[in-house]
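To start, the structure under review is shown below, and the notes come after it.
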Amino acid sequence: MPRQLGELEDAVMTRIWQWNRPVTVREVLEDLQQDRSIAYTTVMTVMDNLHQKGWVRREVEGRAYRYTAVSTRAAYSAALMNEAWSKSDNPAAALVAFFGMMSQEQREALQDAIRIVQPPTAEPHTAEAQITGAQITEASEARTGEARTVEAQSGEAAAEPEEGREAADDVDGPGR
């Protein structure tokens, strides 16, 4: 499981991810110096640490190394979310709470992502595993006061599916 990057590690990785090409310590240093006072050796040490931790690979070019990200920021973010979720004593409740914190734009992005990873012909594993967009909204409202259990929400989804809601609008729960 990945460890969250420190502040300076994140600043360095942000540049490497944004530029999406092999970079030198000097390039990262010059960009960082626009926002803060920082020494060449500090950036060099951070980039070496990122290499040691497996975040970047490096190749020698002349007297310098060129560093390239091993994975994307999206993959890093997903791994952090997965790690946090897997540590919950109630993963389904954690997901409902997380969905409740999302903005409308984030919920729409989530639904788009699910459409991408779930073929339209795929059937959900169980009716209890489905969490609909309406339930995400309900979870958001419940977060402000009254807490509803995940069991009650999934029971309602199985007993009384919303009419007119297409399967593509459903969000898989913990099984996904």
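If you read the sequence from its start, that first residue is 1, and numbering goes on from there.
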Side chain to side chain contact (heavy atoms under 4.5 Å, CB included) partners for A39, two or more places apart
T41, T42

Is there side-chain contact between V25 and Y65, with at least one heavy-atom pair below 4.5 Å?
no

For Q4, give me all partners under side chain to side chain contact (heavy atoms under 4.5 Å, CB included), at least two apart in sequence or on another chain.
Y76, L80

Identify, with sequence neighbours excluded, every residue that meets side chain to side chain contact (heavy atoms under 4.5 Å, CB included) alongside A75.
S71, T72

Connected via hydrophobic side-chain network under 4.5 Å: Y67 and V70
no

Set of side chain to side chain donor-acceptor pair (under 3.5 Å) partners for E108, sequence neighbours left out
Q104

Roughly how far apart are T24 OG1 and R63 CZ, rounded to 0.5 Å?
13.0 Å

Is any side-chain heavy atom of Y40 less than 4.5 Å from a side-chain heavy atom of R26?
yes

Run the salt bridge (charged side-chain N to carboxylate O under 4.0 Å, His left out) test against D35 and tell me which residues pass, sequence neighbours left out.
R15

Where the side chain of Q118 meets the backbone of R115, is there a donor-acceptor pair that is under 3.5 Å apart?
no

Could you state the interatomic distance from CG (L110) to CZ (F98), rounded to the nearest 0.5 Å?
8.0 Å

Do NZ/NE/NH1/NH2 and the carboxylate oxygens of R66 and E61 come within less than 4.0 Å?
yes

Holding to salt bridge (charged side-chain N to carboxylate O under 4.0 Å, His left out), I want the full list of residues that pass it with R21, two or more places apart in sequence or in another chain.
E27

Value for CZ (R57) from CG (L50), rounded to nearest 0.5 Å, stands at 13.5 Å

Heavy-atom side-chain proximity of L95 to W85 below 4.5 angstrom:
yes

Between I16 and V56, is there a side-chain heavy-atom distance shorter than 4.5 Å?
yes

I need the full list of salt bridge (charged side-chain N to carboxylate O under 4.0 Å, His left out) pairs touching residues 84-102, with sequence neighbours left out, sorted by first then second residue.
E83-K87

Rounded to the nearest 0.5 Å, what separates atom CE in M47 from atom OG1 in T45?
11.5 Å

Salt bridge (charged side-chain N to carboxylate O under 4.0 Å, His left out) partners of residues 68-78, not counting sequence neighbours, each pair once
D10-R73

Suppose we screen for ring pair (Phe, Tyr, Trp, His ring centres under 6.0 Å). Which residues come up paired with W19, at least two apart in sequence or across chains?
none

side-chain hydrogen bond (donor to acceptor under 3.5 Å, both in side chains) partners of residues 46-55, not counting sequence neighbours, each pair once:
E9-K53, D48-R58

Using the rule that Ile, Leu, Val, Met, Phe, Trp and Tyr join whenever any side-chain heavy atoms are under 4.5 Å apart, tell me whether M81 and L5 fall into a single cluster.
no

Taking salt bridge (charged side-chain N to carboxylate O under 4.0 Å, His left out) as the definition, give me every residue that meets it alongside E105, ordered by chain and number, with sequence neighbours left out.
none

Residues which pass side chain to side chain contact (heavy atoms under 4.5 Å, CB included) with Q18, listed by chain and number, not counting sequence neighbours:
T14

